[in-house]
Amino acid sequence: MKRLLLLLVFLLPLSASSASLDKGRKDLAAILTHESHVLTAEGVSKDTRYQERFIRKNEHVWAERIVPDKVQAEAEKPGAREGHKHDFNFNLAAKHIVKDVNGIPAISFVNRHDKLVVAVGKEEYQSIGFDGSWESAYHLVSPALVRKLALSGAPSPVANARWYEKNDKDDFFRVLWAEDLELPLVIESGARNGVRHNKVTAKIVALPQAAVLPWVNLQNFEHKDYNDLLD
């Protein structure tokens with residue numbers, strides 16, 4: 001999710017309230033595939049790819065890195081975690097965002113293996129790449145921001161989805177917005193000269209049953225504050 005927020009940096013002046021544009025909540029689950037390409041000043045190409053499970057239901061948004069079984073098996077071998085039991089890997093921890101009755105979101109990181117929840121205060125949002133927006137978390141890209149983009153003439157590969165875009169002199173940003181889902185199926189940004197390219201693809205999957213939603217029973221986990229881990 002942090003990468004998604006970083007993709008929108010040059011669009012921040014377009015931010016606006018989307019309350020009047022929100023057509024209703026649509027619970028869903030998706031697999032998010034993050035891909036990036038960077039060509040450094042030294043001429044080195046760097047490509048990265050990872051996936052997340054994304055779930056939104058009622059007042060909850062959950063995003064969690066998918067770790068391949070063979071990597072997970074290595075991490076679970078006896079002794080593999082010795083000397084690191086106090087380390088908290090924020091990249092592997094799930095991000096759990098909850099909206100309260102006043103519409104204010106709060107974010108925490110969850111390590112389900114160690115049964116640990118780390119709450120993050122508003123003063124730390126910038127350091128973790130969270131803009132504090134429920135709409136951005138729930139929709140991945142705020143519907144109000146999408147409406148500020150220009151409708152693209154590019155053909156859509158999906159029914160009920162349209163391309164929207166913004167092109168600056170040096171940068172570009174575009175989304176394939178699925179109106180019925182209120183969710184982007186593709187988010188792309190980067191440099192027009194090709195030295196940077198970021199892409200997020202959303203594949204809709206079955207929503208888990210209520211009893212197995214990942215935030216169920218978190219009250220039984222140990223709870224800490226983000227600042228406690230910085231000591």
Under 4.5 Å between side-chain heavy atoms, counting indirect links through other Ile/Leu/Val/Met/Phe/Trp/Tyr residues: same cluster for [X] and [Y] or not?
X    : Y    : value
V205 : L28  : no
L151 : L176 : yes
V110 : I66  : no

State the [atom1]-[atom2] distance between [X] and [Y], to the nearest 0.5 angstrom.
X    : Y    : atom1 : atom2 : value
F221 : R112 : CZ    : CZ    : 7.5 Å
N91  : K95  : CG    : NZ    : 7.5 Å
S127 : Y226 : OG    : OH    : 4.0 Å
L140 : L181 : CG    : CG    : 11.0 Å
W177 : I187 : CH2   : CD1   : 8.5 Å
E222 : K224 : CD    : NZ    : 4.5 Å

Between [X] and [Y], is any pair of side-chain heavy atoms under 4.5 Å apart?
X    : Y    : result
V186 : V200 : no
I107 : Y125 : yes
L32  : T201 : no
L213 : I55  : yes
R192 : D171 : no
L183 : I204 : yes
F173 : N167 : no
L229 : V118 : yes

*Are a donor atom and an acceptor atom from the side chains of S36 and T48 found within less than 3.5 Å of each other?*
yes
*Any side-chain donor-acceptor pair under 3.5 Å between H34 and Q51?*
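No, no side-chain donor-acceptor pair sits under 3.5 Å.
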*asked:* Between R147 and E135, does any side-chain N to carboxylate O distance fall below 4.0 Å?
replied: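 Here R147 does not pair with E135 in a salt bridge, since their nearest N and O are not under 4.0 Å apart.
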*Got a salt bridge between R49 and D47, using NZ or NE/NH1/NH2 to carboxylate O under 4.0 Å?*
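Here R49 does not pair with D47 in a salt bridge, since their nearest N and O are not under 4.0 Å apart.
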Looking at [X] and [Y], would you say the former's side chain and the latter's main chain have a donor-acceptor pair under 3.5 Å?
X    : Y    : result
N89  : L92  : yes
H139 : E182 : yes
N111 : K115 : no
D170 : A191 : no
D225 : N227 : yes
H60  : K99  : no

Smallest separation among heavy atoms of [X] and [Y], with atom names:
X    : Y    : answer
L218 : H96  : CD1-ND1, 3.6 Å
P105 : G132 : CG-O, 3.2 Å
A161 : L185 : CB-CD1, 4.3 Å
V158 : S156 : O-OG, 2.8 Å
N58  : W134 : O-CZ2, 4.0 Å
A29  : A206 : CB-O, 3.7 Å

*asked:* Between W62 and E52, is the side chain to side chain contact (heavy atoms under 4.5 Å, CB included) condition met? List the steps.
replied: CA-CA 10 Å; W62 182 277; E52 290 182 303; over 6 Å; no
*asked:* Please confirm whether the ring centroid of Y138 lies under 6.0 Å from the ring centroid of F54.
replied: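 When the ring centroids of Y138 and F54 are compared, they turn out to be at least 6.0 Å apart.
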*List in chain and number order the residues that pass side chain to side chain contact (heavy atoms under 4.5 Å, CB included) with R174, two or more places apart in sequence or in another chain; answer none if no residue qualifies.*
W163, E165, F172, E188
*Would you sort out whether F88 and D114 count as a side chain to side chain contact (heavy atoms under 4.5 Å, CB included), showing the intermediate values?*
CA-CA 10 Å; F88 191 92; D114 293 335; over 6 Å; no
*Considering residues at least two apart in sequence or located in another chain, which fulfil the side chain to side chain donor-acceptor pair (under 3.5 Å) criterion with R65?*
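Partners of R65 under the side chain to side chain donor-acceptor pair (under 3.5 Å) test: none.
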*Test side chain to side chain donor-acceptor pair (under 3.5 Å) applied to E42 - qualifying residues, sequence neighbours left out*: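 E42 satisfies side chain to side chain donor-acceptor pair (under 3.5 Å) with T40 once adjacent residues are dropped.
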*Above 12 or not: heavy atoms from other molecules or residues under 6.0 Å from CD of Q219?*
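For Q219, atom CD is crowded (more than 12 foreign heavy atoms under 6.0 Å).
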*Start with the C-alpha distance between R53 and I31, add both sets of side-chain angles, then the distance that settles side chain to side chain contact (heavy atoms under 4.5 Å, CB included), and finish with yes or no.*
CA-CA 5 Å; R53 291 185 181 89; I31 300 296; 3.9 Å; yes
*Mind checking whether F90 and F109 have parallel, tilted or perpendicular rings, split at 30° and 60°?*
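The rings of F90 and F109 stand perpendicular, inter-plane angle above 60°.
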*Given the rule in the side chain to side chain contact (heavy atoms under 4.5 Å, CB included) test, do V175 and R162 qualify, once you have shown the distances and angles that lead to the verdict?*
CA-CA 8 Å; V175 297; R162 287 178 157 188; over 6 Å; no
